[in-house]
Amino acid sequence: MTRKQYDAIIIGAGIIGNSIAYELARKGLKTLSIDKLGGSGFGSTAGSCAVIRLYYSSPEGVALAREGYYYWLDWNRYLKVIDPAGMAYYRNTGAMVFKSDLNHNLAPVMHSLDALGVGYLELTPDEMRDYLPNPDLSSFHPQKRMDDPDFGKPTGKSVNGALFVPESGYVSDPKLSTHNVEMAARNIGSDFLFNAQVVDILKKDGHVSGVTLKDGTVLEAPVVVNVAGPHSSIINQMAGIEDQMNIKTRALRVEVAHVPSPEGVDWEQTGIITSDSDTGVYTRPEIGNHFLIGSEEPKCDPLEYVDPDNYNLEFTDQARVQVMREAMRVPDLPIPNKSQGVVDLYDLSDDWYPIYDKSSLPGFYLAIGTSGNQYKNAPVVGSFMSELIQYCEKGNDHDTDPLQYRMRYINHTLNIGFFSRNREINKDSSFSVIG
Ligand SMILES: Cc1cc2nc3c(=O)[nH]c(=O)nc-3n(C[C@H](O)[C@H](O)[C@H](O)COP(=O)(O)OP(=O)(O)OC[C@H]3O[C@@H](n4cnc5c(N)ncnc54)[C@H](O)[C@@H]3O)c2cc1C
């Protein structure tokens, strides 16, 4: 059994965990990041579509994404290292978000974008044609499963129009970006331990005191941060704090389809991000001139909660139904016989908003419940989680007097209490990956 003292232990070396490690190290703390997998970003971050977009159902969500966007623009300078493995980069494409009755024709989103000075175009259905290859702009809402005889039949109405937000895009390689942050953190003294599984959270005198690894190693620290992604609930159970949280997390299995572009279309170079609440799918251009197609969780699709250590890694009908839904909008889209893409997990919270908070165990912090939509925010989360940890460790009570975080790039102060584990379920949430 070995012992070593750290200021903070971070469980999980995904994009959020590493961002917290880097920001804590920037504040002078000696950190240790532990991951049971073989390297940074090998968990759910590796499967991420890494879409950087600004529309969320709440003003807080929009502000956070807007702030995050600037970190990606400023990536190399922010990290202050050049990773020998290469640097991930942000590619701007713009995003077209469909208006629908479901999202109140995006009135709350426009309000938030206006408040932050974000530019966008409001498009009529006819103007939307300029952005998609030979689209069908009929409405197909509400969505159905493939075995429904009305699947794919237009309702006779048109879609309501859309917003085009030019400042949106995606990051080239989410796993590499996480490695970039590891390099940045190591550069200022952080340690990383891979292939090491945390099996217990240690406590002393009512305070967290460290972790035990599967091989029996005990590692001590007065601060432990749960950033275990889809395993967050398991770690909270080890710490004995889950019962004292109003919002819980669980692993949700999802499929993302990759399909070739329609013939003659260079979607890799000319494509945009789309969020189509009418057909219930989002897309982004993918390397290899592909469409990458994810779900916006229409009501007809059952949510598949799973054991994060034992779930089906094969494609089911889900990826196919997503492709068929996109083919309603882009009828020239080729539909391959065999599904290709990603099967992975979201760390889902009850209201699809993350939990960024302290916990009922002093010294034990939470950056969890990222619900398929927090990759883009990781650097900001790292920044305010490091402030939150210092704020609480100085004796402030974040539950009663929540940290007000002054953002670096935009003129905005965010009440971090918004992300509390003890909030009421956010009824304004889309209850989908949109957040
Ligand atoms: C298919 C998919 C598409 C997505 N698309 C987008 C998108 O377009 N835009 C966006 O903003 N977000 C997106 N997301 C969400 C985003 O990727 C996640 O919010 C983010 O990657 C979560 O990072 P993380 O560091 O919290 O978790 P992870 O990357 O899951 O990291 C957690 C780590 O904890 C480790 N761990 C777990 N248990 C233990 C243990 N007991 N001991 C040691 N280590 C442990 C795991 O091995 C893992 O590496 C998507 C997610 C998925 C799955």
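Atoms within each ligand, like the ligands themselves, are counted from 1 in listed order. Numbering starts at 1 and runs along the sequence shown.
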**Report entry** Side-chain H-bond candidate by donor/acceptor type, T249 with S349, under 3.5 Å
**Finding:**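 No - no donor-acceptor pair under 3.5 Å links their side chains.
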Report task. Return the minimal non-hydrogen interatomic distance between E23 and S386, and the atom names on each side. Result ->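 Distance-wise, the nearest heavy atoms are CB-OG, 3.6 Å.
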Heavy-atom distance to [atom]: which of [options] wins?
atom: atom 5 (N) of ligand 1; options: C49, S295, G341; value: C49
atom: atom 41 (N) of ligand 1; options: I15, V198, V199, D347; value: V198
atom: atom 1 (C) of ligand 1; options: G39, G17, G47; value: G47
atom: atom 52 (C) of ligand 1; options: Y170, Y282, Y346; value: Y346

**Report entry** K427/D351 ion pair, N-O < 4.0 Å
**Finding:**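 Answer for the salt bridge query: no.
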Requested in this report: Answer yes or no: is there an ion pair linking D350 with R421, defined by an N-O contact shorter than 4.0 Å?
Outcome: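 Not counted as a salt bridge, because no side-chain N and carboxylate O are separated by less than 4.0 Å.
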**Report entry** Sub-3.5 Å N/O-N/O distance, M238 and ligand 1
**Finding:**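 No; the residue has no nitrogen or oxygen that sits under 3.5 Å from a nitrogen or oxygen of the ligand.
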Query raised in the report: Going by distance only, is there an N or O of S44 that falls short of 3.5 Å from an N or O of ligand 1?
Result: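 Yes; at least one N/O pair falls below 3.5 Å.
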**Report entry** Closest protein heavy atom to atom 24 (P) of ligand 1, given as residue, atom name and distance to 0.1 Å
**Finding:**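 Sorting protein heavy atoms by distance from atom 24 (P) of ligand 1 puts I16 CG1, 3.7 Å first.
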Query raised in the report: To which protein heavy atom is atom 33 (C) of ligand 1 closest, and what is the distance rounded to 0.1 Å?
Result: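 Result for atom 33 (C) of ligand 1: D35 OD2, 3.3 Å.
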Query - salt bridge (charged side-chain N to carboxylate O under 4.0 Å, His left out), paired with D301, selected from K144, R325, R253 - result: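 The residue from K144, R325, R253 that satisfies salt bridge (charged side-chain N to carboxylate O under 4.0 Å, His left out) with D301 turns out to be R325.
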Query raised in the report: How are the rings of Y409 and Y71 set relative to one another: parallel (under 30°), tilted (30 to 60°) or perpendicular (over 60°)?
Result: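 If you compare the ring of Y409 with that of Y71, the planes turn out perpendicular.
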Query raised in the report: Angle class for the Y131/F164 ring planes (parallel below 30°, perpendicular above 60°, tilted otherwise)?
Result: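 Tilted, since the angle between the ring planes falls between 30° and 60°.
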Query raised in the report: Of all the heavy atoms in A196, does at least one lie under 4.0 Å from an atom in ligand 1?
Result: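 A heavy atom of A196 does come that close to ligand 1.
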Requested in this report: Measure A50 to ligand 1 on non-hydrogen atoms and call it side chain, backbone, both or neither using the 4.0 Å cut-off.
Outcome: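 The answer is the backbone of A50.
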